[in-house]
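Input: a single structure, listed below in structure tokens.
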Amino acid sequence: MPELPEVEITCQNIEPYLVKKYITSVIVRQPHLRWPIPHNIEKILFGLRIDTVTRRGKYILIGCSKGTLILHLGMSGSLLVQHIGISPQKHDHFDLIINEDIILRLRDPRRFGAILWTTNNAMSHPLLTNLGPEPLSKVFNGSILYKSTRSRSASIKETIMNNRIVVGIGNIYANEALFRAGINPKIAAYKIGINRYIILVKAIKKTLKLAIQAGGSSINDFVHSDNSHGYFQQQYLVYQRTGKPCKKCKDSIKQIKQGQRSSFYCPSCQK
DNA sequence: AATCTTTCCTGCCGGC
DNA sequence: TGCCGGCAGGAAAGAT
């Protein structure tokens, strides 16, 4: 399940295979992702040099000589780096062939991912222009989060999962960060004070950094671009630990629904 | 049949 | 009345 740590690691893994190399062909097998892959993408990308591989939230940005390829892994996507000649599997929808040698291959069973192209400044693309701050950047701090939540009656958990407030925090790390901060996921965001927001921001950063260090988390279907699996899934503090003892106080972890998503928390440690 | 992953979009609400 | 921000729910495909 690609959350920000997985996307970050994917970027790090694919970058050396792409930068300063050339796109020598493109194969589209299934254009119907979240939005259609641009119909003429093969012609657009042919012969372009790749200059950069960066990330904005969970969007992967492949900067080329004439524009930017915007990728999103959705709920089940992964990017594989394979040698040319390896046969595609059932859900391998898109190949970028690099220097006639290496394939960057999008595998996405549930097809909630996206492949888009923009010739303008990528940051002014409609999907990117309204995104909140990067959670690991210095501008994301307790004061910013406090100010941006004054009119928010939604729960704190749903609020930190809102991309306009802060990008990149999905269901797993929202649960984990709130536990680390000792904040109950049901509290309305506007009711939380500046002091607790400072603690929460530190907890978010720590949670994401630990996950990136561990190589990204995995439940079922996240595969690293070198085809190895992530190995962080054993270390969750609350996620999917319903009924198990809290790792701080031994109380039983509770599971509830918030906005159609499962939340996990310790009723004793999170007030 | 329900669940799980992301997040955009639609429709609705209340405030000014 | 219209505009706006905010919010709840729905939608997409597939594995289990």
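Naming convention: chains lettered A, B, ... in sequence-line order (proteins, then strands); numbering from 1 in each chain. Keep in mind that this is a model prediction, so the values were computed, not measured.
- The CD1 atom of A:Ile165 sits 7 Å away from the P atom of C:dG6 (whole-angstrom rounding).
- Note on A:Ser151: every side-chain N or O is 4.0 Å or more away from OP1 and OP2 of C:dG5.
- One can place NE2 of A:His32 at 17 Å from C1' of C:dA11, the figure rounded to the nearest angstrom.
- A distance of 10.0 Å separates CD1 of A:Ile115 from CD1 of A:Ile60, quoted to the nearest 0.5 Å.
- Backbone-only contact: A:Tyr59 has heavy atoms under 4.0 Å from sugar-phosphate atoms and none from a base.
- If you check every strand for non-hydrogen atoms under 4.0 Å, A:His91 touches sugar and phosphate atoms only.
- B:dT7 atom C1' lies 14 Å from atom CD of A:Glu158, rounded to whole Å.
- By the 6.0 Å contact criterion, NZ on A:Lys205 is enclosed, its count of non-hydrogen atoms from other residues, nucleotides or ligands being greater than 12.
- Atoms CG and CG, on A:Leu69 and A:Leu48 in that order, are 9.5 Å from each other to the nearest 0.5 Å.
- For A:Trp35, whose side chain is taken as the heavy atoms from C-beta onward, the closest listed nucleotide among B:dT7, B:dC8, B:dC4 is B:dC8.
- At the heavy-atom level, A:Asp108 lies nowhere under 4.0 Å from the strands shown.
- Between A:Ser148 and A:Gln260, the residue whose closest nucleotide on DNA chain C is further toward the 5' end is A:Ser148.
- Applying side chain to side chain donor-acceptor pair (under 3.5 Å) to A:Asn171 and the options A:Glu3, A:Glu176, A:Lys157 leaves one that passes, A:Lys157.
- Under the 6.0 Å distance and 45° angle rule, A:Lys186 does not count as a cation-pi partner of A:Tyr265.
- Remark: A:Arg55 is not positioned above the aromatic ring of A:Tyr59, lacking an NZ or CZ atom under 6.0 angstrom from the ring centre and at most 45 degrees off the axis.
- The side chain of A:Lys257 lies closest to B:dC4, out of B:dC8, C:dC7, B:dC4.
- In this model, a side-chain donor or acceptor of A:Arg34 finds a partner on the base of B:dT7 within 3.5 Å.
- Nearest to the side chain of A:Glu3, among B:dT6, B:dC4, C:dA15, sits B:dT6.
- In this structure, the CD atom of A:Glu6 is 9 Å from the P atom of B:dT6, given to the nearest Å.
- Residue A:Arg261 is classed as a base contact, given a heavy-atom separation below 4.0 Å to a base.
- In this structure, A:Lys147 atom NZ and C:dG5 atom C1' are separated by 20 Å, rounded to whole Å.
- Mapping A:Arg111 and A:Gly259 onto DNA chain C by nearest heavy atom places A:Gly259 at the nucleotide closer to the 5' end.
- Stacking between A:Phe112 and the base of C:dA12 is present: ring centres sit under 5.5 Å apart and the planes differ by under 30 degrees.
- Of all nucleotides present, only B:dG14 satisfies the Watson-Crick or G-U wobble test against C:dC4, with each distance under 3.5 Å.
- Atom CZ in A:Arg152 sits roughly 19 Å away from atom P in B:dC13 (whole-Å rounding).
- Close to B:dC4, at under 4.0 Å from its OP1 or OP2, lies a side-chain N or O of A:Ser262.
- When distances are taken from the side chain of A:Ser153 to each of B:dT7, B:dC4, C:dG6, the shortest belongs to C:dG6.
- When the P atom of C:dA13 is taken as reference, atom NZ of A:Lys90 falls 14 Å away, rounded to whole Å.
- With rounding to whole Å, A:Asn130 atom CG is found 14 Å from C:dC4 atom P.
- Using a 4.0 Å heavy-atom distance criterion, A:Leu127 is classed as a sugar-phosphate-only contact.
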